[in-house]
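These notes concern the structure reproduced below.
We number each residue from 1, following the sequence as shown. Keep in mind it's a predicted model, so treat the numbers as computed, not measured.
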Amino acid sequence: MAGRPRQFDRDQALIKARNLFWRQGYEGTSMSDLVAELGIASARIYKAFGSKEQLFREAIAHYENEEGSFADRALTTECDVRQAIKTLLSDAITLYSQPGKPHGCMVVATAASVSAENDGIKSWLAEHRLQRTQQIIDRLRLAVQNGELPETTDPDSLGDFFAVFLHGLSVQARDGVPSSRLLASAEQAMSILPPKE
């Protein structure tokens, strides 16, 4: 007589899947990889999460609500725009270089190589990155309106710069650049913010 299937913790399974996707990317993670990592049969993974793509999307949402929420906090809770940008960059470096977790940003790292076959995933991840860029631009626009930055400031190009820098930090961290160097580069990036008039 066969025993009952072993129960599994769905939340723990999601975290394991998230970390696997974070390390290997969407296309770099096969169903057999997920079976090995989660320790459950593929049929149970499909039953719990629907499909590999649905599991990936849920894993990204989990990342953005947990580890990746540092950006929302920095841009919405810091009163001073300079402190908001500084916190954004330093918290990113802390996360992207954290021991025991995959390095870099999950949204940036998993999008590095997605084939035409998975254009839907590629576009979806691009939307997430563009939303972050817009969030930075919106915070800088508010800073101009509030007089935190000079009226001559171009918040759009400045926001694009910080988004490029933020995403670049992810790549550098993934390549093994130490956090001390990333923090030093963030100090350089901060110097681009115009002084108060």
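Note on Glu67 versus Lys101: salt bridge recorded, some NZ/NE/NH1/NH2 to OD/OE distance being below 4.0 Å. Under 4.0 Å is where a charged nitrogen must lie from a carboxylate oxygen, and between Glu148 and Arg139 at least one such pair does.
The shortest non-hydrogen separation linking Ala173 to Leu182 is CB-CD1, 4.0 Å. Here the shortest heavy-atom pairing between Val107 and Arg129 reads O-NH1, 3.6 Å. Shown here for Val171 and Val108, the closest heavy-atom pair between the two residues is CG2-CG1, 4.5 Å. Residues Ser179 and Ile93 approach most closely at CB-CG2, 3.8 Å, considering heavy atoms.
Partners of His103 under the side-chain hydrogen bond (donor to acceptor under 3.5 Å, both in side chains) rule, at least two apart in sequence or in another chain, do not exist in this structure.
Panel note: side chain Arg141, backbone Asp156; no donor-acceptor pair is recorded below 3.5 Å. Using modelled atom types, no side-chain atom of Arg18 and backbone atom of Tyr63 make a donor-acceptor pair closer than 3.5 Å. In this structure, Thr87 contributes its side chain and Ala84 its backbone to no donor-acceptor pair below 3.5 Å. Side-chain atoms of Asp33 come within 3.5 Å of backbone atoms of Ser30 as a donor-acceptor pair (strictly under, hydrogens ignored).
Considering only heavy atoms from C-beta on, Leu142 stays 4.5 Å or farther from Val81 through its side chain.
Classification of the Phe165-Phe161 ring pair by plane angle, with boundaries at 30° and 60°, yields parallel.
Here the CG-OH distance, from Leu125 to Tyr26, works out to 10.5 Å after rounding to the nearest 0.5 Å. Annotation: the span from Ser90 atom OG to Met190 atom CE amounts to 9.0 Å, rounded to 0.5 Å.
Residues Arg57 and Gln54 have side chains that never bring a donor and an acceptor to within less than 3.5 angstrom of each other.
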